[in-house]
K.L.:
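This is the structure I have questions about; it appears just below.
Within every chain, numbering begins at 1; the chains are lettered A, B, ... in the order of the sequence lines, protein sequences first and strands thereafter.
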Number of protein chains: 2
Amino acid sequence: MELTERKKKILRAIVESYIRTAEPIGSKAIAAMPEMDFSSATIRNEMADLTAMGYLEQPHTSAGRIPSPAGYRLYIDELMQDYRLTVDETHSLNEAMTSRLQEFDNAISQMGKLVSQMTNLPAYAVASRRGSATVSRFEIIPTAGGFILVVMTDSEDVKNKLIKLPLHVTEQDLKLLSAVLNASLTDLPAEEFTPELLNRISRSAGPAASLVPVIVDFTTHVLQAQQKSEVYVTGQAKLLSHPEYQDVGKAHKMLSGLDEDVISNLPALVDPGHPMQILVGPENVAEELKDTSVVMTRFDIGDGMQGMIGVVGPTRMDYAQITARLSYFAEGLARMFGKQELPPAHEENKEES
Amino acid sequence: MELTERKKKILRAIVESYIRTAEPIGSKAIAAMPEMDFSSATIRNEMADLTAMGYLEQPHTSAGRIPSPAGYRLYIDELMQDYRLTVDETHSLNEAMTSRLQEFDNAISQMGKLVSQMTNLPAYAVASRRGSATVSRFEIIPTAGGFILVVMTDSEDVKNKLIKLPLHVTEQDLKLLSAVLNASLTDLPAEEFTPELLNRISRSAGPAASLVPVIVDFTTHVLQAQQKSEVYVTGQAKLLSHPEYQDVGKAHKMLSGLDEDVISNLPALVDPGHPMQILVGPENVAEELKDTSVVMTRFDIGDGMQGMIGVVGPTRMDYAQITARLSYFAEGLARMFGKQELPPAHEENKEES
DNA sequence: TTTAGCACTCAGGGAGATTGAGTGCTAAAC
DNA sequence: GTTTAGCACTCAATCTCCCTGAGTGCTAAA
């Protein structure tokens with residue numbers, strides 16, 4: 001069967017109505033729309049065709065039609081019209097961005113919160129680093145009673161650790177230690193930290209040998225953390241305000257699935273060509289998200305780092321509006337963090353105790 | 001009216017039954033319990049008394065009784081018996097702790113997750129630092145094309161930032177800069193970073209003067225972050241598995257209230273004398289939590305840092321079990337982070353590049 | 001090809017009716 | 001004086017039945 005222009009027009013009307021109201025819509029209601037100049041009977045015929053073609057579904061005989069996942073897909077790919085942000089919207093987006101994202105420290109989680117607020121849906125934000133993760137340099141700064149070990153990685157990440165000094169180790173010994181570390185462990189991925197290598201280092205380290213295990217441990221952690229990406233999920237409760245989650249069972253299943261492990265698998269799916277990606281219900285790879293849609297977008301923030309933000313929500317969500325807002329947000333971020341004078345290698349270290 | 005032993009016994013039976021089943025319980029069911037050797041009529045009389053005294057409530061005439069908040073309070077303060085962890089439980093708690101809390105880096109959020117899992121309730125974890133927040137020392141490490149600024153605070157926190165170097169600044173200039181910073185800004189709270197002071201610093205800093213604002217900015221951030229405590233909330237979805245939140249409206253209200261702002265007000269309530277604190281429903285200070293109870297406990301992890309973990313759940317929760325698990329966990333943490341050879345001033349720095 | 005008309009379907013909602021757990025009270029038993 | 005058995009009463013929850021109305025598919029006429 002052919003998908004005529006009229007069929008498309010009707011399909012679009014159905015999808016958009018359903019997005020707005022979350023209620024099945026019938027032939028009569030469509031016929032009543034100003035831009036429809038056919039009778040309800042005609043529309044009924046067309047709807048029967050669209051149902052046969054798999055674009056519509058009927059919850060039960062005497063209900064109206066709702067879009068099927070295939071219907072959403074078609075809508076997203078072909079029928080959706082760009083949503084234009086209003087002046088007010090750009091305004092408040094701008095303001096939120098500038099006021100909240102000052103510190104990069106927790107910018108990622110802030111992003112999540114922002115996106116969640118502006119979409120009224122749960123949002124997630126992921127920051128991932130690319131790159132090989134090796135140490136490019138060790139630095140040792142003596143302090144009273146100890147020293148600070150500074151580890152710089154090849155992706156310009158810097159981490160440090162305060163280490164207490166055994167009594168017998170002198171400042172001279174630390175210099176030696178530093179030299180040995182820099183000579184042996186730099187430019188080496190963590191997997192190649194073999195016991196033999198560590199032994200050799202301990203032997204060369206003189207009086208400071210006892211410190212080697214602590215240092216290597218820390219270094220390994222740093223390198224491993226380097227590969228891991230951080231995931232923040234916020235606004236889960238927002239799901240409950242949408243009618244499709246009025247059933248607690250469904251909401252519960254959904255929300256439990258919305259944890260970080262599931263989310264952290266999503267970024268892999270983003271097609272490098274298309275920064276914006278929409279996964280409609282059953283297209284979702286994560287089993288837990290089968291009932292929902294995911295809209296996600298990538299953004300670049302300087303070298304070595306890449307991020308993703310996205311929202312999760314009912315399949316019936318306003319894709320046009322959400323993609324518009326996400327895009328705007330992603331662009332804003334890239335601009336903010338891309339163009340600063342100082343390199344984006346912006347350092348913030350958290351220390352405990 | 002007097003609260004006889006028998007009344008207490010009955011109240012305890014009611015509370016514990018309600019904790020288990022979430023259903024109102026009637027006189028007959030209580031009389032059927034093995035340890036009760038009175039008839040249902042007697043128990044009915046006693047229940048009428050307990051209701052008059054405010055310890056029980058009746059959802060409606062023909063339902064059984066449920067404990068009132070005052071009833072819970074009495075139960076917690078006087079009737080609750082210590083819950084003894086089973087060997088299996090201690091086992092799995094131990095394992096979870098050791099395997100998951102290796103890195104202190106994100107230990108706080110890990111804690112939250114663990115507690116949430118072991119209680120099947122939303123959990124929060126807060127780490128707060130005490131202390132005045134001043135810089136005890138600046139350190140500058142030159143690197144190719146820039147330098148790393150290391151800021152050590154008085155509470156042994158260390159943070160760092162990578163800064164690009166303008167061409168005309170030499171290594172010698174950096175030494176001067178470092179000296180000036182250490183002379184002028186150490187031991188000074190951020191509020192005293194006055195414009196005049198900064199001007200004076202810029203003037204003394206020679207060719208590196210242009211870097212002063214960036215450095216001061218960063219330092220201020222570090223000091224401010226120092227005061228702020230981090231809050232993690234996890235497992236919100238777990239609420240939905242409890243019968244009191246089968247009503248989506250209630251669940252939604254609750255979950256929206258469960259955000260970080262509300263939670264971060266809780267720690268202030270912990271009585272220093274009693275590390276374990278239980279807030280029953282209406283006793284809650286946060287309006288949003290009026291319908292729920294909060295169990296929280298403090299733990300100390302070395303100098304300068306203090307933490308809190310807690311769970312939020314229906315007023316009908318198994319206080320005995322939960323307090324037992326939380327205590328065990330808190331003790332374990334204190335042990336793990338308190339007794340290590342190296343000082344708890346364990347440094348981990350996150351850097352964005 | 002479109003439209004009007006009509007019989008049919010079926011979820012949703014409301015009005016009783018029914019059930020049964022639980023109560024309070026009274027009077028007898030201990 | 002305390003405990004218990006008995007009984008009438010209450011009321012949420014559940015079930016049943018019926019009605020309503022939105023929506024459909026089909027047919028026949030325009």
K.L.:
Report the base-pairing partner of dG13(C) (Watson-Crick or G-U wobble, both distances below 3.5 angstrom), or none.
P.N.:
dC18(D)
K.L.:
Who is the Watson-Crick or G-U wobble partner of dA13(D), with both distances under 3.5 Å?
P.N.:
dT18(C)
K.L.:
Do S293(B) and Y319(B) have side-chain N/O donor and acceptor atoms under 3.5 Å apart?
P.N.:
yes
K.L.:
Distance alone, cut at 3.5 Å: any donor-acceptor contact between the side chains of Q236(A) and Y124(A)?
P.N.:
no
K.L.:
It should be established whether T61(B) places a side-chain nitrogen or oxygen under 4.0 Å from OP1 or OP2 of nucleotide dT23(C).
P.N.:
no
K.L.:
If dT2(D) has a Watson-Crick or G-U wobble mate with both distances under 3.5 Å, name it; if not, just say none.
P.N.:
dA29(C)
K.L.:
Distance check: side-chain N/O of S39(A) vs OP1/OP2 of dT3(C), anything under 4.0 Å?
P.N.:
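Checking dT3(C) against S39(A), a side-chain N or O does come within under 4.0 Å of OP1 or OP2.
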K.L.:
Specify the separation, in whole Å, of atom NE2 of H60(B) and atom P of dA13(D).
P.N.:
5 Å
K.L.:
Could R12(A) and Y75(A) be counted as a cation-pi pair, given that NZ or CZ must be under 6.0 Å from the ring centre and within 45° of the axis?
P.N.:
no
K.L.:
Could you check how far NZ of K28(B) sits from P of dT4(D), rounded to whole Å?
P.N.:
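From K28(B) NZ to dT4(D) P: 16 Å.
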K.L.:
One thing to verify: whether K7(B) and D49(B) come together as a salt bridge, which I'm taking to mean a side-chain N less than 4.0 angstrom from a carboxylate O.
P.N.:
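Salt bridge between D49(B) and K7(B), a charged N being under 4.0 Å from a carboxylate O: yes.
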K.L.:
Given that both distances must come in under 3.5 Å, which nucleotide forms a Watson-Crick or G-U wobble pair with dA30(D)?
P.N.:
dT1(C)
K.L.:
Decide salt bridge (charged side-chain N to carboxylate O under 4.0 Å, His left out) for R65(B) and E57(B); before the verdict, give the C-alpha distance in whole Å, the side-chain angles of both, and the deciding distance to 0.1 Å.
P.N.:
CA-CA 6 Å; R65(B) 303 294 213 289; E57(B) 287 174 352; over 6 Å; no
K.L.:
Using atom CD of Q58(B) as one end and atom P of dT10(D) as the other, report the distance to the nearest whole Å.
P.N.:
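Those two atoms, CD and P, are 14 Å apart.
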K.L.:
Check each of T292(A), V295(A), I322(A) against L121(A) using the side-chain contact (heavy atoms from CB on, under 4.5 Å) test, and report the only one that passes.
P.N.:
I322(A)
K.L.:
Under 4.0 Å, counting only non-hydrogen atoms across every strand here, what does T42(B) touch: a base, just sugar-phosphate, or nothing?
P.N.:
base
K.L.:
Rounded to the nearest angstrom, tell me the gap between atom CD1 in I10(A) and atom C1' in dT2(C).
P.N.:
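Going from CD1 in I10(A) over to C1' in dT2(C) covers 13 Å.
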K.L.:
Just to be sure I understand the rule, does A41(A) reach a base, reach only the sugar-phosphate, or reach nothing, if contact means heavy atoms closer than 4.0 Å?
P.N.:
base
K.L.:
Go nucleotide by nucleotide along DNA chain D from the 5' end; which of D37(B) and A48(A) gets its closest nucleotide reached first?
P.N.:
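First, find each residue's nearest nucleotide; the 5'-ward one identifies D37(B).
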K.L.:
How close or far is atom P of dT24(D) from atom CD1 of I30(A), stated in whole angstroms?
P.N.:
8 Å
K.L.:
Does dT23(C) have a Watson-Crick or wobble mate here (both distances under 3.5 Å), and if so which one?
P.N.:
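Partner of dT23(C): dA8(D).
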K.L.:
Tell me which nucleotide among dT3(D), dC11(D), dC10(C) gets nearest to the side chain of S62(B).
P.N.:
dC11(D)
K.L.:
What is the distance, rounded to the nearest whole Å, between atom CD of E46(B) and atom P of dG1(D)?
P.N.:
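To the nearest whole Å, that distance equals 17 Å.
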K.L.:
I want to check one thing: is the phosphate of dA22(D), taken as OP1 and OP2, less than 4.0 Å away from some side-chain N or O of R65(A)?
P.N.:
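Answer is no, no contact under 4.0 Å.
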K.L.:
Expressed in angstrom and rounded to an integer, what is the separation of I25(A) atom CD1 from dA22(D) atom P?
P.N.:
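About 14 Å, once rounded to whole Å.
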K.L.:
Is R44(A) near enough to dT27(D) that one of its side-chain N or O atoms lies under 4.0 angstrom from OP1 or OP2?
P.N.:
no
K.L.:
Distance check needed: dG23(D) C1' versus N45(A) CG, whole Å only.
P.N.:
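Checked: the CG to C1' distance equals 14 Å.
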K.L.:
Under 4.0 Å: is that the gap between some side-chain N or O of S27(B) and OP1 or OP2 of dT23(C)?
P.N.:
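True: S27(B) side-chain N/O within range (under 4.0 Å) of dT23(C) OP1/OP2.
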